[in-house]
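Shown next, in structure tokens, is the structure this report addresses.
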Amino acid sequence: MRHGKLAHAPSPMALRRYGFILSFLAAPLVLYAVFVVGPYIQAFQIALTNWKGISPNFDYIGFENFTKLFDDGAFWPAVRHHGLLLLVMPLATIAIALFFSFLLNVGGGQRNGRRTGVPGAAFYKIVFFFPQVLAVAIVGVLFQAILSPDKSGVLNSALGAVGVDPVGWLINPDLALWTIIGVMVWQAVGFYVVLFSAGMSSIPQDVFEAAALDGAGRSTLFFKITLPLLWDTLQVGWVYLGIAAFDGFALVQVLSVDRGGPDNATTVLPLEIWRQAFTFSKYGYASAMGVALFFLTLTFAALTLRVTRRERIEF
């Protein structure tokens, strides 16, 4: 028995190796605990108070801030807008990104026995990724000039050239949110083109060659081969886009009329949190909104990973 225990005991070299690895992991874990976990815990605490953010004095009021959310005239429209964002933005972004990624990696035909992308694929990937290089605030300012409601706007100027009256893209309550969603999709597509391209490039060429020998066309290559083998990457992309749909603060702040207008037609929860904290000095109530947003995002991510879970395909 003694020899058996000694045989299973880690060697001094293994202990030094584990200690070396743990020494590198310790600093990131401490930083994460201090700057991520700590603020979350503090936000949960502040959500139970009536803190105004000015003085160190506050009272614990229990769940009063959370009960106020049910009667808030701006909270529920913001939640509905997030629901629309969750439905439209990920679907549109993934569909467009998949289409371009397939063309750039597989849809160009077969050359020298290998599936390739369209000519100039490397250049197009750089072009598609360019919006990711720009800060979100710069994207908002850029589209302010493009979507200006009068004829000075680039888009309305082009429409006026063909005899179409100017459209209030951002001042019409029926169009404003859809317009901002369109900008979000434009800004996000490039990243997912590159992400899906990386996933497609990892698919062995033997799979495409075997499909080509069987006479598979582009649609079969996409729906029966590429899409199933890219499922894990799609799942990650969907979660990322869903989390982005719970944000939208910068674009709504820059593009919308009166920060979330007109008439709360474009408001989102991060903007309402900012408004309650920095405009009305209701830090306790803003923290309660933040906690609600945290659980909404966590629930979405968990449900998405659960619903889209499937068996991994090994090459």
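The figures here come from the full heavy-atom set of this structure, side chains too, leaving out hydrogens, waters and symmetry mates.
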Quiz item: Step by step, would you call Val88 with Val185 a side chain to side chain contact (heavy atoms under 4.5 Å, CB included)?
Solution: CA-CA 9 Å; Val88 176; Val185 171; 5.9 Å; no
Quiz item: More than 12 heavy atoms of other residues, nucleotides or ligands under 6.0 Å from CZ of Phe99: is that the case?
Solution: no
Quiz item: Between Thr233 and Phe196, which heavy-atom pair has the shortest distance, and what is it?
Solution: CG2-CD2, 3.7 Å
Self-check item: Cluster check Leu303, Val239: I/L/V/M/F/W/Y, side chain < 4.5 angstrom
Solution: no
Quiz item: Between atom CE of Met184 and atom OG1 of Thr179, what is the distance when rounded to the nearest 0.5 Å?
Solution: 11.5 Å
Quiz item: Counting N and O atoms only, with roles assigned by atom type, does the side chain of Thr279 sit under 3.5 Å from a partner on the main chain of Gln276, one being a donor and the other an acceptor?
Solution: no
Quiz prompt | Where Leu293 and Pro270 come nearest, the two heavy atoms and their spacing | solution = CD2-CG, 4.0 Å
Practice problem: Using the side chain to side chain contact (heavy atoms under 4.5 Å, CB included) rule, take Tyr240 and Tyr192 through it: C-alpha gap first, then chi angles, then the decisive distance, then the call. | Solution: CA-CA 10 Å; Tyr240 283 174; Tyr192 293 95; 3.1 Å; yes
Exercise. Ignoring hydrogens and angles, tell me if any N or O in the side chain of His82 forms a donor-acceptor pair with the backbone of Val268 under 3.5 Å.
Key: no
Self-check item: Gap between atom CZ of Phe70 and atom CH2 of Trp76 - 0.5 Å precision
Solution: 5.5 Å
Quiz prompt | His81 (side chain) donor-acceptor with Leu177 (main chain) under 3.5 angstrom | solution = no
Quiz item: If you measure only the distance, is there a donor-acceptor pair under 3.5 Å linking the side chains of Gln45 and Tyr60?
Solution: yes
Quiz item: Quick one: does Asn156's side chain have a donor or acceptor within less than 3.5 Å of a partner on Ser148's backbone?
Solution: yes
Quiz prompt | Side-chain (Asn65) to main-chain (Ala47) donor-acceptor, under 3.5 angstrom | solution = yes
Exercise. Tell me, with the steps shown, if Leu29 and Tyr32 meet side chain to side chain contact (heavy atoms under 4.5 Å, CB included).
Key: CA-CA 5 Å; Leu29 288 174; Tyr32 186 82; 5.6 Å; no
Exercise. Give a yes or no answer on whether the side chain of Thr49 reaches the backbone of Ile46 with a donor-acceptor pair at less than 3.5 Å.
Key: yes
Quiz item: What do the steps show when you test Tyr283 against Asn50 for side-chain hydrogen bond (donor to acceptor under 3.5 Å, both in side chains), and what is the final call?
Solution: CA-CA 7 Å; Tyr283 283 79; Asn50 61 355; over 6 Å; no
Quiz item: Leu241 and Met89: which non-hydrogen atoms are nearest, and at how many Å?
Solution: O-CE, 3.4 Å
Quiz item: Are Leu91 and Leu84 co-members of a hydrophobic cluster defined by side-chain heavy atoms under 4.5 Å apart?
Solution: yes
Quiz item: Given the rule that I, L, V, M, F, W and Y join up when any side-chain heavy atoms are under 4.5 Å apart, are Leu85 and Val254 in one cluster?
Solution: no
Quiz item: Considering residues, nucleotides and ligands other than Gln144, do more than 12 of their heavy atoms fall under 6.0 Å from its CD?
Solution: yes
Quiz prompt | Single-linkage hydrophobic cluster, 4.5 Å side-chain cutoff, Phe123 and Val193 together | solution = yes
Quiz item: Which distance, rounded to the nearest 0.5 Å, do you find between the CZ of Phe63 and the CG of Leu69?
Solution: 12.0 Å
Quiz prompt | Single-linkage hydrophobic cluster Leu170~Val136, side-chain heavy atoms < 4.5 angstrom | solution = yes
Quiz item: Taking atom OG of Ser256 and atom CD1 of Ile171, what is their separation to the nearest 0.5 Å?
Solution: 13.0 Å
Quiz prompt | Considering all heavy atoms, the nearest Val194-Lys125 contact | solution = CG2-O, 4.4 Å
Quiz item: Between CZ of Phe191 and OG1 of Thr93, what distance do you get to the nearest 0.5 Å?
Solution: 12.0 Å
Exercise. Evaluate the ring planes of Trp51 and Phe58, with Trp represented by its six-membered ring, and classify them as parallel (under 30°), tilted (30 to 60°) or perpendicular (over 60°).
Key: perpendicular
Quiz item: Shortest non-hydrogen contact from Ala74 to Asn264?
Solution: CB-ND2, 4.2 Å
Quiz item: Is there a donor-acceptor pair under 3.5 Å between the side chain of Thr266 and the backbone N or O of Gly261?
Solution: yes
Practice problem: Give the C-alpha distance, both sets of side-chain angles, the deciding distance and a yes or no for side chain to side chain contact (heavy atoms under 4.5 Å, CB included) between Glu272 and Phe75. | Solution: CA-CA 7 Å; Glu272 288 303 318; Phe75 176 78; over 6 Å; no
Exercise. Verify, without hydrogens or angle tests, whether Ser202 (side chain) and Gly199 (backbone) share a donor-acceptor contact under 3.5 angstrom.
Key: yes
Quiz item: What heavy-atom pair brings Gly242 and Pro90 nearest, and what distance separates the two atoms?
Solution: N-CG, 4.4 Å
Quiz prompt | Atom pair CD1 (Ile273) and CG (Leu269), whose distance is rounded to the nearest 0.5 Å | solution = 6.0 Å
Quiz prompt | Arg259 side chain to Thr267 backbone, donor-acceptor under 3.5 Å | solution = no
Exercise. Answer yes or no: is there a side-chain heavy-atom contact under 4.5 Å between Leu147 and Val167?
Key: no
Practice problem: Using the six-membered ring wherever Trp is involved, compare the ring planes of Trp186 and Phe143 and label them parallel, tilted or perpendicular (cut-offs 30° and 60°). | Solution: perpendicular
Quiz item: Within a radius of less than 6.0 Å around CZ of Phe249, do more than 12 heavy atoms belonging to other residues, nucleotides or ligands occur?
Solution: yes
Quiz prompt | Residues, nucleotides or ligands: over 12 heavy atoms within 6.0 Å of Phe300 CZ | solution = yes
Practice problem: Give the ring-plane orientation class for Phe44 versus Phe295, where under 30° counts as parallel, over 60° as perpendicular and anything between as tilted. | Solution: parallel
Practice problem: Taking Trp238 for its side chain and Ala301 for its backbone only, find out whether a donor-acceptor pair lies under 3.5 Å. | Solution: no
Quiz prompt | Side-chain heavy-atom pair Leu98, Met200 within 4.5 angstrom cut-off | solution = yes
Quiz item: Side chains of Gln235 and Thr304: is there a donor and an acceptor less than 3.5 Å apart?
Solution: no
